[in-house]
Amino acid sequence: MDVGQMQRQWIDYTKPLFFEGFLDGQFLQLQQLQDENNPDFVVEVVSLFFEDSERLLKDLTFALDQNVVDFKKVDAHVHQLKGSSSSIGAQRVKNACIAFRNFCEEQNTDACLRCLQQVKQEYCLVKNKLETLFRIEQQIVAAGGSIPTELSFSG
């Protein structure tokens, strides 16, 4: 596959991530901060998001597994996860966190457990999609090409 085909593959893979709500404009802004002086900026930021999210999901699972749930603590973890997902443009994770926080406020353990599963599912989906995107980018760069900088959402 030549560089042009890989770049088209990248565009064809990336567009649905926005149309299906996995990513929002914040991810595009993150990409614009990447340049030749910092070519791994997006991968590094997203990797930190992955590490942070894994820890927070583990903490949430533990907190909701207690006999007496500390909803303030649960809400603090969800708030942190919502903020970090928002900062990288992981829109569906962020939206799932918004619903989760409402149930924390109501102190509804069953609903919080359902929301935790939803957040975990959305997180796994976006993580897999971003890892695939980064693999395509690595292939483009390894072949001597550059990552497309403009995504056109028309047509």
Taking [Y] as the starting point, is it possible to reach [X] by hopping between hydrophobic residues whose side chains are less than 4.5 Å apart?
X	Y	value
F103	L56	no
I140	V46	yes
L130	F22	yes
L30	L48	no
Y13	L125	yes

Practice problem: Applying side chain to side chain donor-acceptor pair (under 3.5 Å), name anything that partners R114, two or more places apart in sequence or on another chain. | Solution: none
Practice problem: Output all residues satisfying side chain to side chain donor-acceptor pair (under 3.5 Å) with K120, sequence neighbours left out; order by chain, then residue number. | Solution: T61
Between atom [atom1] of [X] and atom [atom2] of [Y], what is the distance when rounded to the nearest 0.5 Å?
X	Y	atom1	atom2	result
I98	N102	CD1	CG	8.5 Å
L133	Q138	CG	CD	10.5 Å
E137	T132	CD	OG1	11.5 Å
Q80	S53	CD	OG	9.5 Å
S84	E51	OG	CD	12.0 Å
C112	Q118	SG	CD	13.5 Å

Self-check item: Test item: L81 and F100 side chains (from C-beta on) under 4.5 Å apart, heavy atoms
Solution: no
Quick one: list whatever passes salt bridge (Lys or Arg N to Asp or Glu O under 4.0 Å) with [X], sequence neighbours left out.
X	result
E20	none
D52	R55
E122	R92

Exercise. Please assess K73 against Q66 for the test side-chain contact (heavy atoms from CB on, under 4.5 Å), listing each intermediate value before the final yes or no.
Key: CA-CA 12 Å; K73 184 182 283 186; Q66 301 307 300; over 6 Å; no
Practice problem: Classify the angle between the aromatic ring planes of F50 and Y123 as parallel (below 30°), tilted (30 to 60°) or perpendicular (above 60°). | Solution: perpendicular
Might you point out which heavy atoms bring [X] and [Y] nearest each other, and give the distance in Å?
X	Y	result
C104	V78	SG-CG2, 4.5 Å
L23	F27	CD1-CD2, 3.7 Å
V119	C97	CG2-N, 4.1 Å
V93	S85	CG1-CB, 3.7 Å
A143	M6	CB-CE, 3.2 Å
N38	E44	OD1-OE1, 4.1 Å

Practice problem: Enumerate the residue pairs fulfilling salt bridge (Lys or Arg N to Asp or Glu O under 4.0 Å) with a member in residues 95-109, sequence neighbours excluded, ordered by first and then second residue. | Solution: D75-R101
Quiz item: Hey, does the side chain of Q34 reach the backbone of Q31 with a donor-acceptor pair shorter than 3.5 angstrom?
Solution: no
Quiz item: When you measure from the side chain of S86 to the backbone N and O of K82, does any donor-acceptor pair fall under 3.5 Å?
Solution: no
